[in-house]
Amino acid sequence: MSDLFSHQRDITLEKVAPLADRLRPRSLDDFVGQESILGPGRLLRRAIAADRVGNLILHGPPGVGKTTLARIIAGSTRAHFSSLNAVLAGVKDLRIEVDGAKERLARHGLRTTLFIDEVHRFNSAQQDALLPWVENGTLTLIGATTENPYFEVNKALVSRSRLFRLQPLEPPHLHQLLDRALRDAEVGYGDRSIRVTQEAADHLVDVAGGDARSLLNALELAVETTQPNGDSQIVIDLTIAEESIQQRAVLYDKQGDAHFDTISAFIKSLRGSDADAALFWLARMVEAGENPRFIFRRMLIAAGEDIGLADPQAVVVVEACAAAFERVGLPEGLYPLAQAALYLAGAEKSNSVLGFFDALKSVRETNRQQVPSHLRDAHRDGQAFGDGVGYRYPHAYAEHWVAQQYLPNSLQGEVFWQPGNLGWEGQRRERLQQRRAAQLAAAAELAADQGDVLSSSPEDPQLERWLQRQAAAEGERLDTLRRRFWEGVTWRRHDRVLVLEARSLLWALDPMAATPEGGVVVTVVETSDLDRLKAQLQMLDCLRQPQLLVVPRDRPAALGALLEPGAGDRFDWVVARQPWRGLNAEQVDTWIGEVGTRLGQKGQWRLLFSSPQQGPAAGLLALMGKTDMSLQLLLKELCELEHQQLQQQHHCGQLAHCSLSAQGWSVQEQRWPEALHLEVSSALIERWLAPGSAYLEQLAALRGTPLAADAVQILREGFSRYLGQQLPQSVEHTLLIAAHPREARPKQASKKPRQGRGS
């Protein structure tokens with residue numbers, strides 16, 4: 001009877017469950033958002049499809065799909081799936097789950113996946129009790145947390161798990177969810193006549209701030225509390241929408257990422273002499289309830305650390321402002337708080353401190369307030385998520401200042417402090433305007449930034465050793481060329497890379513190491529190349545292996561048919577060395593057009609063409625001098641043919657450059673020479689002069705007739721005289737780097753005159 005009652009209870013709960021719970025997607029195809037980590041071809045999607053997810057921690061703000069994603073994994077895994085909520089569960093519940101997992105493993109060989117929601121709510125003892133069973137494989141852990149796992153979760157658990165940072169949903173995603181809720185007749189409102197005006201929909205999406213749960217809860221409240229009109233239709237207009245969802249909350253945790261990242265951004269803005277950014281981060285902390293005494297303490301440190309004897313009054317001013325704050329209190333104490341910040345950033349007391357309230361208004365009204373990654377606190381988890389990378393230390397530059405972005409992307413060009421024309425600030429007004437212009441230019445340069453790092457994985461020593469062996473196997477010269485090829489590249493862990501016409505794994509080694517949560521696709525021209533590369537990859541776990549595809553040089557359209565459906569526009573890099581040899585201009589155009597459609601907006605080409613400047617005959621002629629006239633005449637004839645053949649090779653790089661430019665890519669070209677000396681050996685002679693060799697066939701094609709047997713014998717004897725000697729050679733390398741042209745559109749700084757609060 002208890003089972004019957006439980007079944008009836010579940011049916012009832014499904015009917016009365018909130019709209020946000022009823023609308024949870026059941027499969028990855030229905031999941032909205034998080035394309036950077038869940039898009040076609042990404043590691044997490046491949047791991048879910050292969051049932052190889054392993055230990056996983058999902059980290060992100062509320063309402064972005066952490067629990068939903070865990071349930072989707074539960075529906076796709078062949079393991080037994082259990083779940084706990086850390087708010088309600090304790091060590092006893094963990095022991096029950098562990099005992100059940102051990103029994104299933106012993107009796108049926110069945111693995112167990114344990115999902116723990118709000119895993120950061122487990123205390124240290126509870127997390128320690130879980131660790132041994134995760135470590136020995138009895139349990140596979142999937143944890144979900146709104147807090148930074150590096151701060152709130154046992155370090156041992158973190159080191160054994162893949163971490164994925166889920167981002168707030170974008171407005172198009174929220175509009176999609178809103179539309180789904182209104183159309184779905186089974187779990188949504190598709191069986192009722194409901195109309196949401198465009199203004200109402202935009203307001204709900206804007207105030208939800210990337211939180212799907214907040215959006216759907218507001219829609220549910222609006223629908224259930226609104227009476228139908230005369231046509232039996234429920235109309236949700238802007239007024240109803242505003243009543244259903246209130247002011248956006250400022251996400252801020254006083255012990256976690258937001259606390260450390262925001263104070264880090266505030267101090268760095270002071271150090272960088274950016275008063276606008278300093279006021280913004282100060283306003284964010286005040287609005288979120290940060291203790292002003294903590295802010296004053298940090299400003300005192302900044303006054304001593306970053307200003308020091310350049311202005312000894314800085315400490316005095318901050319201390320005086322702190323004392324004034326203690327006497328006045330809130331809210332009027334905001335004036336000395338803002339005044340101290342402005343002084344440290346380059347301002348003096350004046351009515352310009354009212355700019356603080358412009359910043360406060362922006363905190364309340366701006367949707368995207370995310371700290372730029374280069375300003376985040378890099379000391380706690382920067383290595384995993386790239387926080388702090390790219391920050392320019394102002395003390396390392398002339399005048400202890402450098403133009404860089406301090407405000408969030410959505411606020412570039414905002415002006416919160418408008419210095420007057422008189423006194424200390426009047427003397428600095430012109431310099432401030434120049435620096436603001438330089439900062440806007442720097443922000444424009446960063447408009448095509450790499451974005452946030454959204455995932456982290458445990459170290460893989462086996463992969464590292466394998467990569468080192470593969471690089472060493474290619475020889476020192478090619479390894480040096482590989483490092484030059486990738487010089488200056490900034491990787492993202494979830495990047496996807498397409499390597500064209502690979503004859504070895506050399507050009508895939510760097511992306512394989514740097515993009516563990518993305519993926520590498522390698523194409524080869526011949527099936528024999530495919531078999532050889534597969535043999536080299538046998539040592540690697542299948543999730544770390546690149547995808548290998550056979551794409552004939554004359555069939556570029558075959559690439560699209562072989563790629564995973566939906567992944568065609570997801571590549572971040574297309575790279576190759578010596579691609580498209582022997583193709584004409586039209587064929588190269590077709591290749592670049594086909595592959596170019598598969599590069600994202602921030603995608604980049606890197607194509608390396610290496611052109612020998614002389615062939616074997618020219619090298620031998622330079623080595624032998626003026627001896628043996630018969631051989632010399634033969635070599636001169638062959639030198640002319642070699643020159644024609646080498647020009648054709650160089651022509652391929654020119655065709656690629658012209659085609660990329662014609663198809664709208666911005667192309668940069670790097671050229672450098674390489675001097676070589678090949679040791680004349682029997683193997684080298686055979687490679688060039690054996691019957692059917694590529695060298696002889698190329699000469700025959702250029703001459704119109706094959707080289708006579710006696711001429712080949714003369715060449716063989718000529719090379720044999722110099723066995724063990726160094727044959728001079730030279731190569732010119734051309735690296736083409738192509739990307740979409742950047743269209744930087746900096747905002748124009750403008751503000752209406754402000755009035756004091758008492759006006």
Assess the residue pair Phe609 and Gln654 against the criterion (side-chain contact (heavy atoms from CB on, under 4.5 Å)); give the C-alpha distance rounded to whole Å, side-chain angles, the decisive distance to 0.1 Å, and a yes or no. CA-CA 9 Å; Phe609 297 91; Gln654 294 176 326; over 6 Å; no
Going through the distances and angles, do Leu56 and Ile73 end up as a side-chain contact (heavy atoms from CB on, under 4.5 Å)? CA-CA 11 Å; Leu56 194 68; Ile73 294 173; 3.8 Å; yes
Apply side-chain contact (heavy atoms from CB on, under 4.5 Å) to the pair Leu537 and Leu548, showing each step before the final yes or no. CA-CA 10 Å; Leu537 292 167; Leu548 301 179; 3.8 Å; yes
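Using a 4.5 Å cut-off on side-chain heavy atoms (C-beta onward), Pro556 and Val595 make no contact. Considering only heavy atoms from C-beta on, Thr523 stays 4.5 Å or farther from Leu562 through its side chain. Contact of the Val497 side chain with the Trp491 side chain is registered, since non-hydrogen atoms from C-beta on lie closer than 4.5 Å. A heavy-atom distance below 4.5 Å is found between the side chains of Leu559 and Leu498. In this structure, Asp510 and Val489 have side chains that are not in contact, with every pair of non-hydrogen atoms separated by 4.5 Å or more. When side chains are defined from C-beta on, Thr140 counts as touching Asn55, because their heavy atoms get closer than 4.5 Å. You'll find the side chain of Phe485 reaches within 4.5 Å of the side chain of Arg606, heavy atoms only. Arg598 has its side chain out of reach of Val574: every pair of non-hydrogen atoms, C-beta onward, lies at least 4.5 Å apart.
Closest approach of Gln167 to Val64, counting heavy atoms only: O-CG1, 3.4 Å. Pairing each heavy atom of Leu549 with each of Leu530, the nearest pair is N-CD1, 4.5 Å. Scanning both residues, Ala738 and Val667, for their nearest heavy atoms gives CB-CG2, 4.1 Å. Residues Gly603 and Trp665 approach most closely at O-CZ3, 4.3 Å, considering heavy atoms. Among all heavy-atom pairs drawn from Val521 and Arg496, the shortest one is CG2-NH2, 3.6 Å. Considering all non-hydrogen atoms of both residues, Arg484 and Leu735 come closest at O-CD2, 4.4 Å.
Shown here are the ring pair (Phe, Tyr, Trp, His ring centres under 6.0 Å) partners of His657, two or more places apart in sequence or in another chain: there are none.
The line from CH2 of Trp507 to CG of Leu481 is 4.0 Å long, rounded to the nearest 0.5 Å. For the atom pair CD (Gln578) and CG (Leu608), the distance works out to 6.5 Å, reported to the nearest 0.5 Å. If you take CH2 on Trp605 and CD1 on Ile592, they are separated by 5.5 Å, rounding to the nearest 0.5 Å. In this structure, CG in Asp572 is found 8.0 Å from CG in Leu599, a value given to the nearest 0.5 Å. Atom CD in Glu594 sits 11.5 Å away from atom CZ in Arg555 (nearest 0.5 Å). Rounding to the nearest 0.5 Å places CG of Leu166 at 6.5 Å from CG of Leu69.
The backbone N or O of Arg553 lies less than 3.5 Å from a partner atom in the side chain of Trp591, making a donor-acceptor pair. With hydrogens and angles ignored, the 3.5 Å screen pairs no side-chain donor or acceptor of Arg482 with any backbone N or O of Ala508. Under a 3.5 Å cut-off, the side chain of Glu501 and the backbone N or O of Trp580 do form a donor-acceptor pair. Between the side chain of Arg532 and the backbone N or O of Arg503 there is at least one donor-acceptor pair closer than 3.5 Å. Side chain of Ser659 to backbone of Leu655: no donor-acceptor contact under 3.5 angstrom is found.
By the 4.0 Å N-to-carboxylate-O rule, Lys534 lies too far from Asp531 to be salt-bridged with it.
A donor-acceptor contact closer than 3.5 angstrom links the side chains of Glu674 and His733.
The 12-atom threshold is not exceeded at CD of Glu526, counting heavy atoms of other residues, nucleotides or ligands nearer than 6.0 Å.
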